[in-house]
Amino acid sequence: MAPEPQAADWPEICRRYHTAEDGIAARKLAVNLVAIAVTWAALFAALRSFPLPEALGVVIPLGVVSALLFNQLFLYQHDMGHGAFFASRRLNQWVGSVVCVFMLTPFLEWTRSHSHHHVNVGRLERRVLGDIYTMTVEEWARAGWLKRLGYALFRSPVTLLLVAPLYYFFVSNRIKGSVCPDFPRGRHLASVHLTTAAYLLFALLMSQVVGLRDFAIVQAVTLVPAGALGIWIFYMGHTFEGMWFARGPEDWSHEAAALKGSSYCVMPRWLGWLLADIGYHHVHHLDPRIPCYRLRACHEENPALFAAVRPLSLSLAVRGLFEGRLYDAASERLVSFPKSSPTP
């Protein structure tokens, strides 16, 4: 009998799932784009058929559907940035650059920025580069009231789900487009400005076809919930009950950051399909060359490798936005603000 695979065997195990298939990728992308087109057609039809505000009863639910589909598209381009969606590196870059225009995201610079996230997950001393910033209990105890106020406002659901994504897409992505410590240069800086120019051209053409008002409404009901959902996806990927940080640089390892510092969120099958199986985030961080359409198979076919990974329920992943605010290094878990400390 062959021995059970150990954590040290992960490179060879994951390599079996590297194969990107253009046929699968093309079908997934085509289904997504057609679904977005149909949803947008229904949105514009509703705006033409009903006066405001009566139309909002139809437009807002359709906007949520559109937001889910846009997040699916964003997760597909995320795989393209890792060179994992299509087999061809060039195809990943060209398709990623085009679809990112509609999501106000400069593909090349976002990809460069995202690489910082992968190498900094689980590093307590580099939280600002790797994750949504989480203050520790010790830092909170030492902080003055102004810093506590700023952090409490930042970690409020309103800021995270509404203010942060709007700022990121409409301000940050238009200027720098990344969390990299250095300012983008060359083709990365060009991707920032070319994306903005291409989006403005798209907005101008759509405004001529359907009218500026209707286009602005459809953009709003799509991008606002899409941004909120996108922040939650990123948040639950690494900020969850049982989240892990290395106690120092010498304690950090790629495997630990993936298997202990990245979540495994159990989702209904339909939601997993819509969100490109991002719930298997631990598998993705273990090997980002695995396409999203092979993450589930890698996890399910190698139970010994992932036996120590604790599943996170969908309800806990949502509640985490409203409960955990500080990281307690001693217990390696998220805790609420101390009741004895004044908070806003």
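Worth knowing before you read on, the calculation uses all heavy atoms, side chains too, and leaves out hydrogens, waters and symmetry mates.
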> Between E21 and R294, is the closest basic N to carboxylate O distance under 4.0 Å?
Replying inline: yes

Check whether any side-chain heavy atom of [X] lies under 4.5 Å from a side-chain heavy atom of [Y], and answer yes or no.
| X | Y | value |
| --- | --- | --- |
| L29 | L73 | yes |
| L326 | P338 | yes |
| W40 | T222 | yes |
| N120 | R123 | yes |

>> Closer than 3.5 angstrom, by distance alone: can the side chain of Q77 be matched with the main-chain N or O of F74 as a donor-acceptor pair?
In response: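 Answer holds: yes.
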
>> So which atom in P288 and which in A84 form the shortest heavy-atom distance, rounded to 0.1 Å?
In response: O-CB, 3.7 Å

>> Can you tell me how far apart CD (E138) and OH (Y327) are? Round to the nearest 0.5 Å.
In response: 10.0 Å

Please check if [X] and [Y] belong to a single hydrophobic cluster, counting links between Ile, Leu, Val, Met, Phe, Trp and Tyr side chain heavy atoms closer than 4.5 Å.
| X | Y | answer |
| --- | --- | --- |
| L271 | W273 | yes |
| L334 | F154 | no |
| L162 | F170 | yes |
| I231 | L316 | no |

>> Between E139 and Y151, do the side chains contain a donor N or O and an acceptor N or O under 3.5 Å apart?
In response: no

> Is a side-chain donor-acceptor pair under 3.5 Å present for N173 with Y199?
Replying inline: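 Result is no, nothing qualifies.
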
>> Before we go on, tell me: are the rings of H117 and H285 under 6.0 Å apart, centre to centre?
In response: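 Distance test on ring centres: under 6.0 Å, yes.
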
> Are the aromatic rings of Y264 and Y280 close, with centres under 6.0 Å apart?
Replying inline: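 Between Y264 and Y280, the centre distance is under 6.0 Å.
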
> Parallel, tilted or perpendicular for W252 and H254, by the 30°/60° rule?
Replying inline: perpendicular

>> Please determine whether side-chain contact (heavy atoms from CB on, under 4.5 Å) holds for the pair L274 and M267, giving the CA-CA distance in whole Å, both sets of side-chain angles, and the decisive distance to 0.1 Å.
In response: CA-CA 10 Å; L274 270 171; M267 299 180 180; over 6 Å; no

